[in-house]
Amino acid sequence: MMDNVSVITVFVLSGLNETKNHRTVLFSLTLLCYCFIVLVNVSLIVTIILDKNLHEPMYILLCAFCLNGLYGTTGFYPKFLWDLLSPVHVISYAGCHVQALVMYSFACSDLSILAVMAYDRYVAICRPLEYHSIMSKPRLLKLVCFSWLGPFCIIGTNIILTSRLKLCSPFIARLFCVNWIIVKLACFPEQTLVNTIVAFITIIIYVLHGLFIVWSYMYLIKTCVNSKENRGKFMQTCVPHITSLLIFLVTILLDIMHIRYGSKDLPQNLQNFIAIEFLIIPPIMNPLIYGFKLTKIRNRFLRIITFKIK
């Protein structure tokens with residue numbers, strides 16, 4: 001009997017149950033939001049690729065950052081838009097695990113890329129004479145690959161461990177698949193011990209990423225205080241990174257705090273927004289922040305606009 005209830009082929013996503021009367025408006029706003037995310041991120045990526053003056057480590061990392069934003073949002077928005085038009089909100093067993101993999105690896109890759117960006121700024125400001133030898137193209141390629149493949153493998157391990165569990169319910173009270181919710185659906189809680197240990201190790205790894213970033217910028221602030229030239233470099237190139245980090249941390253922490261301590265009495269629409277804000281705010285704000293703040297990118301945009309007007 002237990003084998004029968006654990007054979008689940010689809011999951012039911014119940015986060016949209018209270019949006020029946022506003023589907024058309026919500027669909028239009030979501031589509032507009034996704035199109036804008038694609039537009040601003042692709043614009044920045046294309047600008048960096050086409051302009052040889054931007055083929056520097058800092059801009060290549062920014063390009064990787066925007067690509068990761070497109071990767072994460074593509075794992076959510078198309079399925080969400082489809083659900084808004086559909087009378088039933090289901091996702092296949094395999095599709096659910098793939099979506100969870102994309103969501104988690106996107107968030108972890110963001111933090112990894114921000115860590116590499118912090119290291120890049122540390123070398124550029126504190127060891128400028130060695131910058132080009134340390135941040136060489138082969139090393140930069142390795143760091144970018146590590147930022148993408150590392151989280152993918154770590155989260156992939158979590159997902160594989162989850163896929164072995166026997167589940168007793170197909171209902172996920174969210175707009176998208178979340179690995180920890182799938183684990184909570186396990187028929188035998190004692191089987192989730194390995195999942196808990198691996199998840200805890202994963203959390204430690206990315207907390208260390210965060211601590212490294214904080215240490216890097218604290219050290220940079222201390223170094224730049226007494227140098228006008230370094231202060232200028234810090235304000236020009238580090239402030240966008242710190243802003244992106246703060247946006248990322250606030251959106252992720254709000255979701256985590258809601259998961260752990262949030263009241264279930266909150267309106268469903270507010271719960272939905274808290275759950276997906278990391279897929280709305282950072283992918284929109286990051287390219288805008290860098291596009292306006294970094295002089296080379298801003299000047300490149302202005303040249304393109306001026307050329308088109310002429």
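Nothing fancy with the numbering, it's 1 onward along the sequence. Values reported hereafter were calculated over all heavy atoms of this structure, with side chains retained and with hydrogens, waters and symmetry mates removed.
Atom OG of residue S147 and atom CZ of residue F152 lie 15.0 Å apart, to the nearest 0.5 angstrom. The CD1 atom of I213 sits 10.5 Å away from the CD1 atom of I242 when rounded to the nearest 0.5 Å. Taken from CG in N286 to CG in L44, the straight-line distance is 10.0 Å, to the nearest 0.5 Å. The structure places CG of L114 at 10.5 Å from OG of S109, a figure rounded to the nearest 0.5 Å. Interatomic distance, CD1 of I113 versus SG of C63, reported as 10.0 Å (0.5 Å rounding). Atom CZ of R174 is separated from atom CD1 of I276 by 10.5 Å, given to the nearest 0.5 angstrom.
Side-chain atoms of S112 and W148, non-hydrogen and from C-beta on, never get closer than 4.5 Å to each other. Side-chain contact between L61 and D120 is present, with at least one heavy-atom pair separated by less than 4.5 Å. A 4.5 Å side-chain heavy-atom check between T30 and L84 finds at least one atom pair inside the cut-off. In this structure, the side chains of Y104 and T202 stay at 4.5 Å or more apart for every pair of heavy atoms. Contact annotation: the side chain of I280 approaches that of Y77 to within less than 4.5 Å [non-hydrogen atoms, C-beta and beyond].
The two residues P283 and I37 have their closest heavy-atom pair at CB-CG2, 3.8 Å. In plain terms, the two heavy atoms of L165 and L161 that are nearest each other are CG-O, 3.9 Å.
One N or O on the side chain of S92 and one on the backbone of G95 form a donor-acceptor pair closer than 3.5 Å. For R121 (side chain) and V116 (main-chain N/O), no donor-acceptor pair under 3.5 Å exists by modelled atom type.
Remark: the S105 side chain and the Y71 side chain contain an N/O donor-acceptor pair separated by less than 3.5 Å. Side chain to side chain, Y93 and S163 fail the donor-acceptor criterion of an N or O pair below 3.5 Å. Checking Y59 against D51 by side-chain atom types alone, no donor-acceptor pair falls below 3.5 Å. Judged purely by distance below 3.5 Å, without hydrogens or angles, the side chains of N158 and N179 never pair a donor atom with an acceptor atom.
For CZ of F27, the number of neighbouring non-hydrogen atoms (other residues, nucleotides, ligands) closer than 6.0 Å is greater than 12. A 6.0 Å sphere centred on NE2 of H55 holds more than 12 heavy atoms belonging to other residues, nucleotides or ligands. The number of heavy atoms from other shown groups lying within 6.0 Å of CH2 (W82) does not exceed 12.
Shown are F212, Y219, Y217; of these, the side chain to side chain contact (heavy atoms under 4.5 Å, CB included) with Y122 is made only by Y219.
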